[in-house]
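Have a look at the structure below, then the notes.
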Amino acid sequence: MNRRRFLAGLGAVTAAPALAHTPYGQWVVYRQKHLLVGAHRGDARTYALAKSVVAGLARELPTAKARVARGPRPERIASLMGTGQLFLAVLSVDEARRMAASQAPFQDYPPTPVRAVADLGGGYMVVAAAAFRTDHAKLVTMALDHEGLATQPNLTDMAVHEGAMAHWLGL
């Protein structure tokens with residue numbers, strides 16, 4: 001075998017991953033620079049509400065660079081929230097409860113500890129991953145309240161994020 005040809009081939013194989021299109025490294029940076037609000041195609045209302053939430057956050061917290069992240073199904077939102085890739089989402093109250101309890105259709109995922117942030121009306125709410133920073137949750141809640149997009153979540157629906165609760169209680 002020709003040594004030069006072998007080394008050239010080896011170099012091409014080694015360089016291929018660097019030249020190939022892969023979003024993973026870029027998505028990590030994108031998620032660090034933008035506040036993503038999850039929604040899903042399984043319920044078009046979540047997308048419309050998430051767009052309203054993002055518009056309100058753009059006015060009140062422009063440095064958050066809020067964007068809608070739309071998944072194909074609510075299970076994808078659970079997966080992203082459970083792995084720390086997504087911190088906020090718009091879900092129906094029922095979906096949020098089922099996600100937190102790992103009930104159908106989320107039975108194949110571990111319980112995703114989501115907390116209520118704000119009630120959007122009509123049976124929908126903004127939820128946050130339990131790991132979402134308390135000060136960030138308070139800022140998001142304040143912005144949504146100030147924009148008139150949300151009200152205090154019903155305390156019987158699910159646990160409320162501590163940052164959101166601090167705002168709703170006026171602390």
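Just so it is clear, the structure is predicted and the values come from calculations on it, not from any experiment.
The only option from Asp119, Leu139, Leu149 that meets the side chain to side chain contact (heavy atoms under 4.5 Å, CB included) definition with Leu144 turns out to be Leu149. A side chain to side chain contact (heavy atoms under 4.5 Å, CB included) with Val127 is found for exactly one of Leu91, Ile77, Val90, Leu88, namely Leu91.
A chain of hydrophobic side-chain contacts below 4.5 Å, direct or via other Ile, Leu, Val, Met, Phe, Trp or Tyr residues, connects Phe87 to Leu49. A chain of hydrophobic side-chain contacts below 4.5 Å, direct or via other Ile, Leu, Val, Met, Phe, Trp or Tyr residues, connects Val54 to Leu35. Both Val53 and Tyr47 sit in one connected hydrophobic cluster of ILVMFWY residues. Membership requires side-chain heavy atoms under 4.5 Å apart, directly or through other members.
Contact record, Ala150 with Leu120: CB-CD2, 4.0 Å, taken as the closest heavy-atom pair. When all heavy atoms of Met99 and Pro74 are compared, the closest pair comes out as CE-O, 4.1 Å. Scanning both residues, Ala143 and Glu60, for their nearest heavy atoms gives CB-CB, 3.5 Å. Minimum interatomic distance between Pro110 and Ser102 (heavy atoms only, all atoms of both residues): C-OG, 4.0 Å. Of all the heavy atoms in Gly38 and Ala50, the pair that sits closest is O-CB, 4.3 Å. For Met165 against Leu155, the heavy-atom pair with the smallest separation is CE-CD2, 3.4 Å.
By the 4.0 Å N-to-carboxylate-O rule, Arg45 lies too far from Asp43 to be salt-bridged with it.
Atom CZ of Arg76 sits in a sparse spot, with 12 or fewer heavy atoms from other residues, nucleotides or ligands closer than 6.0 Å.
Under the 3.5 Å distance criterion, with hydrogens and angles disregarded, a donor-acceptor pair is assigned to the side chains of Glu95 and His40. Using modelled atom types and a 3.5 Å distance limit, the side chains of Ser92 and Asp94 yield no donor-acceptor pair.
For the pair Lys138 (side chain) and Leu171 (backbone), a donor-acceptor distance under 3.5 Å is present. Remark: side-chain polar atoms of Thr112 are not paired, donor with acceptor, to backbone N or O of Gly82 under 3.5 angstrom. Under a 3.5 Å cut-off, the side chain of Ser79 and the backbone N or O of Glu75 do not form any donor-acceptor pair. The backbone N or O of Val117 sits less than 3.5 Å from a side-chain atom of Trp168, completing a donor-acceptor pair. Remark: side-chain polar atoms of Arg67 are not paired, donor with acceptor, to backbone N or O of Leu36 under 3.5 angstrom. His161 places a side-chain N or O within donor-acceptor distance of the main-chain N or O of Gly163, the cut-off being under 3.5 Å.
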> side chain to side chain contact (heavy atoms under 4.5 Å, CB included) between Tyr124 and Val93: does it pass, once the steps are laid out?
Replying inline: CA-CA 5 Å; Tyr124 290 88; Val93 173; over 6 Å; no

>> Could you go through Met158 and Met125, starting from their C-alpha distance and side-chain angles, then the distance that decides it, and tell me whether this counts as side chain to side chain contact (heavy atoms under 4.5 Å, CB included)?
In response: CA-CA 11 Å; Met158 63 185 314; Met125 62 173 42; 3.6 Å; yes

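Between the OG1 atom in Thr141 and the NE2 atom in His146 there is a gap of 14.5 Å [rounded to 0.5 Å].
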